[in-house]
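As structure tokens, the structure follows; a few thoughts come after it.
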Amino acid sequence: MNLWIGDGRLVRDPELKTGASGKEFCKFTIACDRKNDKEGNKAVDYIECTAFNQTGVFISKYYKKGDGIQLTGRFESDKYTDNNGQNRTSWGLTVEQAFFPLGKGKADSGSTAPTVAEQTEVELPF
């Protein structure tokens, strides 16, 4: 099963775009802390994310650079040939659900952002 559940912080503002088919999608990157190594060094993973339709619109409306976000989704690979003729594979997270971190969401600050219970949820395939 390809299911990712995690959280992080947006490293740039999300970008809402419309594809050729008219389908809306939102692209953004999150930084996720990784457990310290044996020497106590902190590591960070940067994950490229794409959210489609209502989930993408929701993220583009209520999140900005530096905000915490909790996500569920699946990792997908994309194979391509680079400019030097080398075969490459890139990985990215296709977001299925997005939530405000408990106690840290904009819903606590008096904005009109929906609470977790009010957010549109996407059915998981299991």
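Keep in mind that the numbers below use all heavy atoms, side chains included, and drop hydrogens, waters and symmetry copies. This one's a predicted model, so the numbers in the text were calculated from it and none came from an experiment.
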According to salt bridge (charged side-chain N to carboxylate O under 4.0 Å, His left out), does anything in residues 78-87 pair up with another residue at least two apart or in another chain? List the pairs.
D82-R88

Can you tell me which residue among I69, V95, L10, T29 is in a side chain to side chain contact (heavy atoms under 4.5 Å, CB included) with C49?
V95

Determine, using the 4.5 Å side-chain heavy-atom cutoff (strictly less than), whether W91 and L71 are members of one ILVMFWY cluster.
yes

With E15, which residues qualify under side-chain hydrogen bond (donor to acceptor under 3.5 Å, both in side chains), at least two apart?
R12

Can you check whether I47 reaches C32 side chain to side chain, under 4.5 Å on heavy atoms?
yes

Does a donor on one side chain and an acceptor on the other come within less than 3.5 Å for T72 and E96?
no

Within the side chain of N87, is there an N or O that forms a donor-acceptor pair under 3.5 Å with the backbone of T81?
no

Reported NZ-to-CD1 distance for the pair K64 and I59, which is rounded to 0.5 angstrom:
15.0 Å

Single-linkage hydrophobic cluster, 4.5 Å side-chain cutoff, F25 and L93 together
no

Please enumerate all residues that pass side chain to side chain contact (heavy atoms under 4.5 Å, CB included) together with N41, with sequence neighbours excluded.
D37, E39

Worked check of side-chain contact (heavy atoms from CB on, under 4.5 Å) between C26 and F28
CA-CA 7 Å; C26 179; F28 58 99; 4.0 Å; yes

Separation between OG (S60) and CD (E24), nearest 0.5 Å, reads 7.5 Å

Output yes when a side-chain donor or acceptor of R74 lies under 3.5 Å from a complementary backbone atom of T94, and no otherwise.
no

Using side-chain hydrogen bond (donor to acceptor under 3.5 Å, both in side chains) as the criterion, list what pairs up with S21, not counting sequence neighbours.
none

Non-neighbouring partners of N53 that pass side chain to side chain contact (heavy atoms under 4.5 Å, CB included), sequence neighbours left out:
K23

Just jot down the side-chain hydrogen bond (donor to acceptor under 3.5 Å, both in side chains) partners of D45, sequence neighbours excluded, or say none.
R34

Holding to side chain to side chain contact (heavy atoms under 4.5 Å, CB included), I want the full list of residues that pass it with D33, two or more places apart in sequence or in another chain.
K42, V44

Over 60° means perpendicular and under 30° means parallel, so classify the ring planes of Y63 and F58, tilted if in between.
perpendicular

Rounded to the nearest 0.5 Å, how far apart are CD1 of I30 and CG of D7?
7.5 Å

